[in-house]
Engineer: 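Here it is, the structure in full.
By convention in this document, chain letters (A, B, ...) are assigned in the order of the sequence lines, proteins followed by strands, and residues within each chain are numbered from 1.
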Number of protein chains: 2
Amino acid sequence: MAIKRPASAGRGTGASAKGGATDGLDPVLGVVARYFGVLAEPTRLKILHAICDDEQSVSAIVAATGTTQSNVSRHLSLMLNAGIVERRRDGCAVYYRIADPEFVDICRRMCERIASRLDMQAPLRRDLMGFAARH
Amino acid sequence: MAIKRPASAGRGTGASAKGGATDGLDPVLGVVARYFGVLAEPTRLKILHAICDDEQSVSAIVAATGTTQSNVSRHLSLMLNAGIVERRRDGCAVYYRIADPEFVDICRRMCERIASRLDMQAPLRRDLMGFAARH
DNA sequence: GCCGAGCATGCGCATATGCTCATATTCAAA
DNA sequence: TTTGAATATGAGCATATGCGCATGCTCGGC
């Protein structure tokens, strides 16, 4: 993914789509797509899930997600760059927290929407609704 | 991406995360991630943008997006499978439309959120807000 | 039945992305 | 300062994914 820090994002003058209304749409969609891309990884969602109530240290997140510390740090850096999480240092531990609840809310809505499209008795549906309700 | 048609999604018994509360979270996050993945492509967002007002034929979408017909068809198939768009055949033309406005709304909210994080004078911000307002 | 327009799909390539291993860096305690 | 714990990062690998090309399929008109 790799999202440039918010502030600008290089509005290239190229690629304005042969046919469509040539507003500055392409760069916009590119940025939006990259943000969706950040949410398009199970591990990252798991990390967000782990820190969406309170901030957590990296090691706590590692324990919660069951993946490598290396991996967790990488995903956290990426989300930090995207401005989705924030960082706080305490001693030699580093705590991460959600930077913007809206992103969690978008996840919640996505869950609800997917759940509503599943068969009522599908087991996944229950899990999705439970997940959505918790956030 | 490739999302299984809604109805079930194979709730594997494996991989329950070493540490965390072992609810059926992993399959849930996997599914949610895949849906976000569908929205994580500029071309697909462009297609959604093209059909979010009225249904459009494939060739119209090709013209609007400025990409290959092959490419458009592929993305449309993917989104059809994900249940994000719907298909209607009229003669030898095929029309696609948004299946669930909620997905467009999620895009809109993402746009707004990203725009709000950009500097007020960043040109991208204007485009994002404009894009969000139109949906 | 034949043909052309419109759409879908198999194949191969180039790139992007996530994961793991090993190592560097940062901080606190001794 | 030295040491060890906690976190971050570089390198390499395996896979996933988007794109273009060529081809197959479907439908209406002739």
Engineer: Rounded off to whole Å, could you give me the CG-to-C1' distance for the B:Leu76 and C:dC7 pair?
Structural biologist: 10 Å
Engineer: Side-chain N or O of A:Ser59 less than 4.0 angstrom from OP1 or OP2 on D:dT7?
Structural biologist: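 Yes, A:Ser59 has a side-chain N/O under 4.0 Å of OP1/OP2 on D:dT7.
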Engineer: Just to be sure I understand the rule, does A:Tyr95 reach a base, reach only the sugar-phosphate, or reach nothing, if contact means heavy atoms closer than 4.0 Å?
Structural biologist: nothing
Engineer: Between C:dT20 and A:Thr68, is there an OP1 or OP2 to side-chain N/O distance shorter than 4.0 Å?
Structural biologist: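 So the side-chain polar atoms of A:Thr68 do come within 4.0 Å of the phosphate oxygens OP1 or OP2 of C:dT20, strictly under.
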Engineer: So does B:His75 get a backbone contact from the side chain of B:Arg44, meaning a donor-acceptor N/O pair under 3.5 Å?
Structural biologist: no
Engineer: Which residue pairs satisfy the salt bridge (Lys or Arg N to Asp or Glu O under 4.0 Å) criterion with at least one member in residues 67-76 of chain B, sequence neighbours excluded?
Structural biologist: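 Output for this query is empty, none listed.
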Engineer: Output all residues satisfying side chain to side chain donor-acceptor pair (under 3.5 Å) with A:Ser70, sequence neighbours left out; order by chain, then residue number.
Structural biologist: none
Engineer: Could you tell me which residues satisfy side chain to side chain donor-acceptor pair (under 3.5 Å) with B:Asp100, sequence neighbours excluded, listed by chain and number?
Structural biologist: A:Arg113, A:Arg117
Engineer: In whole angstrom, give the distance that lies between atom CG of A:Leu80 and atom P of D:dT7.
Structural biologist: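 In whole Å, D:dT7 P lies 14 Å from A:Leu80 CG.
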Engineer: Mind calculating the distance between CG (A:Asn81) and C1' (C:dT17) to the nearest angstrom?
Structural biologist: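 Those two atoms, CG and C1', are 16 Å apart.
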Engineer: My understanding is that only residues two or more places apart in sequence, or in another chain, count here; which of them pass salt bridge (charged side-chain N to carboxylate O under 4.0 Å, His left out) with A:Glu41?
Structural biologist: none
Engineer: Can you check the B:Leu78 CG to D:dA16 C1' distance for me, whole Å?
Structural biologist: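 Rounded to the whole Å, the gap is 12 Å.
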Engineer: Just how far, in rounded Å, is P of C:dG18 from CG of A:Leu45?
Structural biologist: 11 Å
Engineer: Tell me what B:Ser73 touches on the nucleic acid: a base, only sugar-phosphate, or nothing, going by heavy atoms under 4.0 Å.
Structural biologist: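 Base: the residue B:Ser73, judged by heavy atoms under 4.0 Å, touches a nucleobase.
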Engineer: Picking from C:dG6, D:dG18, C:dG18, which would you name as closest to the side chain of B:Ala93?
Structural biologist: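 The closest nucleotide is C:dG6.
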Engineer: A:Val94 side chain: which of D:dG20, D:dT7, C:dG6 is closest?
Structural biologist: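 Closest nucleotide among those given: D:dT7.
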Engineer: Applying side chain to side chain donor-acceptor pair (under 3.5 Å), can you list everything that pairs with A:Arg88, at least two apart in sequence or on another chain?
Structural biologist: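 With sequence neighbours excluded, A:Arg88 shows a side chain to side chain donor-acceptor pair (under 3.5 Å) to A:Glu55, given in chain and number order.
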Engineer: Taking only side-chain nitrogens and oxygens of A:Asn71, does any of them come within less than 4.0 Å of OP1 or OP2 of C:dT20?
Structural biologist: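 The answer is yes; a side-chain N or O of A:Asn71 sits under 4.0 Å from OP1 or OP2.
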Engineer: Verify the distance criterion only: is there a donor paired with an acceptor across the side chains of A:Ser59 and A:Ser57 at less than 3.5 Å?
Structural biologist: yes
Engineer: Has A:Tyr96 got a side-chain N or O lying under 4.0 Å from the OP1 or OP2 atom of D:dA6?
Structural biologist: no
Engineer: On the nucleotide C:dT17, are OP1 or OP2 found under 4.0 Å from the side-chain N or O atoms that A:His75 carries?
Structural biologist: no
Engineer: Could you give the CD1-to-P distance, from A:Ile47 to C:dG18, as a whole number of Å?
Structural biologist: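 After rounding, the gap between these two atoms is 11 Å.
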Engineer: Take atom CZ of A:Arg87 and atom C1' of C:dT25, then tell me their distance rounded to the nearest Å.
Structural biologist: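 Going from CZ in A:Arg87 over to C1' in C:dT25 covers 11 Å.
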Engineer: Walk along nucleotides 22-30 of chain D from 5' to 3' and tag each nucleotide B, S or - by protein heavy-atom contact under 4.0 Å, base first, then sugar-phosphate.
Structural biologist: -----BS--
Engineer: Round to a whole Å and report the spacing from CG of B:Leu39 to P of D:dT17.
Structural biologist: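 Computing the B:Leu39:CG to D:dT17:P distance gives 14 Å.
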